[in-house]
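Data block below; observations after.
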Amino acid sequence: MTRELPWPVALPEDARSRVETILAPLAEHRRTTFALRVARWWDDLVAGLAPYPDPLAVAARSLELAARAYLDRDEELHLLDERRSLEPDWFQRPGMVGYAGYAERLTPEGTLAALPGLADHLEGLGVGYLHLMPLLQPRPSPNDGGYAVADYRSVRTDLGTMDDLRDLTASLRTRGISLCLDLVLNHVAREHEWARAARAGDERYRRYFHIYPDREIPDAYERTLLEVFPDFAPGNFTWDEELRGWVWTTFNSYQWDLAWDNPDVFCELADVILYLANQGVEILRLDAIAFIWKRMGTQCQNQPEVHQLTQALRSLARITAPALIFKAEAIVGPNQVVHYLGRGRHHGKVSDLAYHNSLMVQIWSMLASGDARLSTHALGRFPVVPASTAWITYLRCHDDIGWAIDDDDARSVMVDGHGHRTFLSDYYAGDFDGSWSRGLVFQHNPATGDKRISGSAASLAGLERAVTSLDEAVGQDALEEAQADVDQAVARVLLGYAIVYGFGGIPVIWSGDEIATLNDQDWDAVPEHADDNRWVHRPRLDRDRLAHAGADPDSPEGRVLAGMRHLAAARSSLPHLHASVGAAVVAAPDPAVFVVVRRHPVGPMIGLYNLTGTGRSVPGWWVRELGLPLEQAVDALNGYPPSLQPDGSIYLSTYQPVWLVRG
């Protein structure tokens, strides 16, 4: 006997009929599962579509797209969906570590088919999340490093095919590794089929973009818009002769912003999301998500409609492919970024992951200044995020470092914000007296004084300078001094990653950091890269250096690799580091010590991080007041009680991290 499917009452009858027709070839239990998911997520879907004049109609239309994708979904992926539905915290667990890099730079072959050969290395680092930087088919060079997508349904020809991508996701799943891909939501390449149709005069596709016949409206918008690339892409609009109009181009002239106020655009991208989920992709990085909704008189970032539409997209994903989760690429201030994980009526209904860009910035700020006060204040005012979500934490990523130091935060600790930002830029460019860093200035804006920084973690932390000094050292004293500099640089890299691993969320390794890769001195040898020095920290994964790191544990790269593996192993054993547990940043009596407290039912975890090249200490009574008796405390990083001084204080050696838990 066929039972009536448990559809939500609010689902229009004609829409239900069309969906049932699509799902008819499936077994009854599959159709029942789909109907139950629709009943669970229908209200969130409709509510998320409120920016459109007829949300119900758009919801019904998008549900048909979901049904078709569900029909096409592989049996293995259906099983993954069921498992993830029973384990919704799979990405929040302490054993989860991420790894990110460019697919063509991770193996000698530079193809998707070769990537399974990297799995042993990734497993040794505890990696369960692999983020491959943009690999969908872009326009010809220049293409913003692949973020000017010309075809969402094709893989770059140099990397392989969509069949290769499906094979890769299947292979990674057998090793417990989930694949993350970039999905550019704000814009497409000028060469995308939608843009080509718009240039050909198709009115339907012209409405996919923001096109204006003259400068009146663009100039009105420009009064409040910022420039993303002021050096080589000033302004936010581009005249296109074929369009006979000004088209909105936030990033580059060849990247056309999509008109998300058109529900056709929503349905197109929803269909793309479900298509990629059916290729086995488990995490989508929603690139430039903050920019998708435009409103006159604003910076056209972080508008409320962004969160509504993301909620709608997530609801569709939960209906069709609940193994898929979203990561918001929103590099904005703390009061804005938490909305991408869900605030108010969107609590826990938007993205599952978001970048904690502020943590990266503050780590480098603390390493340069040797002072935790500004960072403690800034990080301490982050609002609480939903317990079902997680931060992505990292020391470095593919991008430059913009010194997002808030003036109010700086004033609160008696620091001049502009002066501190200038100090950090100069310090990490190696222009500040006594700096150990070797970074490059990226996108200097003379009008604002803004100078962002490119560079690998190891070079920024002083290893490049130290190794050079060691190679050039003459005499025993010079050798010893240079070796001490190498030791401190290695310690700074591992301290930075210890903070990242001990903060919570998903810690992500930027490819090469695990073997202390230095700046690529030939970064500009590729003509396309010559004007973009961010490629200095995007070298190919050096297999010889990786082999040397494994063979010589006393080398800088060997010590960093062993340290990263150790951090992952220690982390996986600590329930305190489940992402549902909040991190509280606490001011230590010594401002040179950064402190993070995570309170779990099994007891607190207290992370103590010495930011300096000299020994520091924290009072034992102060640790007891945080809820951890010293006689019960163990450093989870070495398995021993903390090092106590005669006065009962805890001693921290040079750049030492300590993870105190109840033994």
Side-chain angles (χ1 to χ4, degrees), residues 94 97 126 359 362-363 366-367 370-373 375-376 379-380 393 395 461 487-505 507 559-560 562-578 581-600 602-663:
V97 172
L359 180 64
Q362 296 297 342
I363 290 172
M366 289 188 289
L367 287 173
D371 193 311
R373 284 173 291 190
S375 300
T376 298
L379 296 171
T393 59
L395 185 62
D487 295 343
Q488 291 212 343
V490 168
R492 281 190 284 267
V493 172
L494 290 175
L495 176 70
Y497 267 104
I499 295 173
V500 166
Y501 277 56
F503 197 83
R559 290 157 63 192
V560 170
M564 299 285 279
R565 289 171 171 169
H566 179 67
L567 284 171
R571 188 179 192 277
S572 67
S573 69
L574 297 173
H576 318 74
L577 287 168
H578 192 284
V581 179
V585 183
V586 178
D590 183 348
V593 178
F594 180 58
V595 183
V596 180
V597 180
R598 299 179 62 81
R599 301 193 181 280
H600 189 276
V602 302
M605 171 181 166
I606 303 173
L608 305 174
Y609 305 95
N610 178 4
L611 304 170
T612 72
T614 59
R616 316 298 294 199
S617 62
V618 295
W621 62 262
W622 180 78
V623 172
R624 288 190 181 92
E625 286 195 352
L626 292 176
L628 186 58
L630 286 187
E631 60 274 12
Q632 299 178 17
V634 170
D635 180 359
L637 288 174
N638 60 29
Y640 294 101
S643 178
L644 297 181
Q645 299 189 102
D647 64 357
S649 62
I650 297 175
Y651 177 75
L652 304 174
S653 63
T654 299
Y655 295 114
Q656 183 184 3
V658 171
W659 290 354
L660 293 180
V661 296
R662 199 183 301 272

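Treat the numbers as computed from the prediction; the structure is a model and nothing was measured.
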In sequence, state the C-alpha distance, the side-chain angles, and the governing distance for Val586 and Trp622, and then conclude on side-chain contact (heavy atoms from CB on, under 4.5 Å). CA-CA 11 Å; Val586 178; Trp622 180 78; 3.8 Å; yes

Apply side-chain contact (heavy atoms from CB on, under 4.5 Å) to Ile650 and Leu644, showing your working. CA-CA 5 Å; Ile650 297 175; Leu644 297 181; 3.7 Å; yes

CA sep, side-chain torsions, deciding dist, call: Asn610, Tyr651, side-chain contact (heavy atoms from CB on, under 4.5 Å): CA-CA 10 Å; Asn610 178 4; Tyr651 177 75; over 6 Å; no

Apply the test side-chain contact (heavy atoms from CB on, under 4.5 Å) to residues Leu608 and Arg616: give CA-CA distance (whole Å), side-chain angles for both, the deciding distance (0.1 Å), then the verdict. CA-CA 10 Å; Leu608 305 174; Arg616 316 298 294 199; over 6 Å; no

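Under the 4.5 Å side-chain criterion, counting only non-hydrogen atoms from C-beta, Asp487 is not in contact with Tyr655.
Here the shortest heavy-atom pairing between Pro642 and Ala633 reads CD-O, 3.5 Å. Shortest non-hydrogen contact noted between Leu630 and Arg624 is CB-NH2, 3.9 Å. Heavy atoms only, all atoms of each residue included: Leu577 and Gly504 are closest at CD2-N, 4.1 Å. Of all the heavy atoms in Val500 and Pro507, the pair that sits closest is CG1-CB, 3.7 Å.
The backbone N or O of His576 sits less than 3.5 Å from a side-chain atom of Arg598, completing a donor-acceptor pair.
Atoms CZ and CD, on Arg662 and Gln632 in that order, are 4.5 Å from each other to the nearest 0.5 Å.
For the side chain to side chain contact (heavy atoms under 4.5 Å, CB included) with Arg599, the lone residue among Ile606, Val581, Leu626 that qualifies is Leu626.
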